[in-house]
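To start, the structure under review is shown below, and the notes come after it.
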There are 2 protein chains.
Amino acid sequence: MDTTTGPKEKEVEPAEGGADGAPARRDPEGVRRDILAAAGEVFAERGLSGARIDEIAARTRTSKRMIYYYFGDKEGLYRACLEAAYDEVRRGEEALDLGGLPPAEALARLVAFTFDHHRRHPAFIRMVMIENIHRAAHLRASRVAAERNRAAVARLTEILRRGEAEGVFRPGVDPLELHWHISALSFFNVSNRPTFSALFGDELFSEEAQARLRAHAVEMILALVRQEEPGDDDQA
Amino acid sequence: MDTTTGPKEKEVEPAEGGADGAPARRDPEGVRRDILAAAGEVFAERGLSGARIDEIAARTRTSKRMIYYYFGDKEGLYRACLEAAYDEVRRGEEALDLGGLPPAEALARLVAFTFDHHRRHPAFIRMVMIENIHRAAHLRASRVAAERNRAAVARLTEILRRGEAEGVFRPGVDPLELHWHISALSFFNVSNRPTFSALFGDELFSEEAQARLRAHAVEMILALVRQEEPGDDDQA
DNA sequence: GAATGTTTGTACTGGTTCGTACATTACGTC
DNA sequence: GACGTAATGTACGAACCAGTACAAACATTC
């Protein structure tokens, strides 16, 4: 029985597979990212209590020991994943530039973009669902995510302000409330697909149906903020 | 050390505390309900993997043994809870009678009712969230819930049909899609409150703000189905 | 090239948790 | 009032799983 726990003679290949050129044999930052990626998958898939540290470790290029070394405990790892998820998704939102567009068009694009963006990030949606199940206990404990989210509302505020000034939006619309409605239509469309499919089938989730739903979301939001002046600038 | 596991001399009081008059000493149906109620609370609170059978048993007037006797295993119990939750909530919806109302009014009431109904049943919402995390694996495995849900859509179909016939609703609105939107606005308002509060504070969840959100939900849905005929029956 | 702190691997442990073996009691019924 | 079955209580087992003890290898600085 070989009890020597010394250096195993398997090929070494320490950390040079990163493809980013850095031939660092020790690569703490890379290990961190590696763990975070694996943990993100597993947490999103199974939830906090459902996830197994050993499974996360197995999906890693490193070992369980490293998880505890870098993240302390399971919750610490979970919190880091949560922040990373918020961070990544919110960063993706910044790509959208609505500066030059007329307010109604800008809002329409924002809604459509949000709808699509949520669809593109199901893992993020799942993390938020899980966090809501936990009554946001861990999100509350982290100051990171708040900043980026306020940016989303700030952008909405700006669009509303412009629309109000131009007289195309009715005054007094609360940006936060509007954000709430937009999020609802976009988030639910991803989060509740499984139970809905189970009850009513898949028909709402074809590309065509989704495009229709998105168009309706845009319509509904615009209808809510539009200044209804029947026969004011009617072209006729 | 007393190793006799015989009849303990504690007062007997077998099952007469039910307050419903039935002095049955053995009460299988009551035990079932008792377990189901306790399990419903715990599963809604902690999720499937987070729930502990021992905790459920502790909240019961009976023992863990009975859980396995009646429900087989943890999943069986969870499935029973899920069905019970759907059943109870859908039964509560049947109270709403919209028969005599004009279509727009009926739809408005339906949306407002749905919005409130979701708020009144947070535990049900949580069960659905949890089930969505599990990709509806357990809901799919049960045929029960489907029936009652179709009734909700059927009612919506009827309202749309009438509205279309009367010319107040535009034709071709898909009842299932409309149900999706209504559900989104109502469900999300409960399901995502924790993370939203964590990021933006509580302001949207005061009674006044909720009333406003509900009014907006009604408005948005009506705007979506309304026949836009600018200047047709304008009183002027 | 030695000293010192950082990063990593291996094996293990202590507590938790689902589920069950075994025994016993109530109930219906003939 | 005996018998078969349904219902229930107690104690326990086996697996699982978060977290750690111990020790080694690397990196950095002088």
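Just the heavy atoms: all of them, side chains too, but no hydrogens, waters or symmetry mates, feed the values below. The chains referred to below are lettered A, B, ... by the order of the sequence lines, with proteins before strands, and numbering in each begins at 1.
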Inset, instruction - Starting from P on C:dG19, measure out to CG on B:Asp73 and report it in whole angstrom. - result: 5 Å
Legend entry - Rounded distance (Å) that lies between atom P of C:dT16 and atom NZ of A:Lys74: 15 Å
Inset, instruction - Rounded off to whole Å, could you give me the CZ-to-C1' distance for the B:Arg61 and D:dT8 pair? - result: 14 Å
Legend entry - Donor/acceptor link under 3.5 angstrom from A:Lys64 side chain onto base of D:dG19: yes
Inset, instruction - Would you mind reading off the distance between B:Ile67 atom CD1 and D:dA7 atom P, rounded to a whole angstrom? - result: 16 Å
Legend entry - Distance, rounded to the nearest Å, where B:Arg46 contributes CZ and C:dT17 contributes P: 10 Å
Inset, instruction - Give a yes/no answer on whether the side chain of A:Tyr70 brings an N or O atom under 4.0 Å of OP1 or OP2 in C:dT8. - result: yes
Inset, instruction - Verify the contact: side-chain N or O of B:Tyr69 to OP1 or OP2 of D:dT8, cut-off strictly under 4.0 Å; return yes or no. - result: no
Inset, instruction - Using modelled atom types only, decide if a donor and an acceptor are shared between the side chain of B:Lys74 and the backbone of B:Leu48 within a distance under 3.5 Å. - result: yes
Inset, instruction - Check whether any side-chain nitrogen or oxygen of A:Ser63 sits under 4.0 Å from OP1 or OP2 of C:dT10, and answer yes or no. - result: no
Legend entry - Any residue meeting salt bridge (charged side-chain N to carboxylate O under 4.0 Å, His left out) with B:Glu55, in chain and number order, not counting sequence neighbours: B:Arg46, B:Arg59
Inset, instruction - Check the angle between the aromatic planes of A:Phe113 and A:His117 and answer parallel, tilted or perpendicular using the 30° and 60° thresholds. - result: parallel
Inset, instruction - Please report, rounded to the nearest Å, how far the P atom of C:dT17 is from the OH atom of B:Tyr68. - result: 12 Å
Legend entry - Position toward the 5' end of DNA chain D (nearest nucleotide), A:Ala51 or A:Arg65: A:Ala51
Legend entry - B:Phe124 ring center near B:Tyr86 ring center (under 6.0 Å): yes
Legend entry - Aromatic ring pairing B:Phe188/A:Trp180, orientation class (parallel under 30°, perpendicular over 60°, tilted between): tilted
Inset, instruction - Among the candidates C:dG19, D:dT8, C:dT8, find the nucleotide nearest to the side-chain atoms of B:Met66. - result: D:dT8
Legend entry - Rounded interatomic separation in angstrom, taking CZ from B:Phe43 and P from C:dC18: 9 Å
Legend entry - Interatomic distance, A:Asp54 CG vs D:dC16 P [rounded to whole Å]: 11 Å
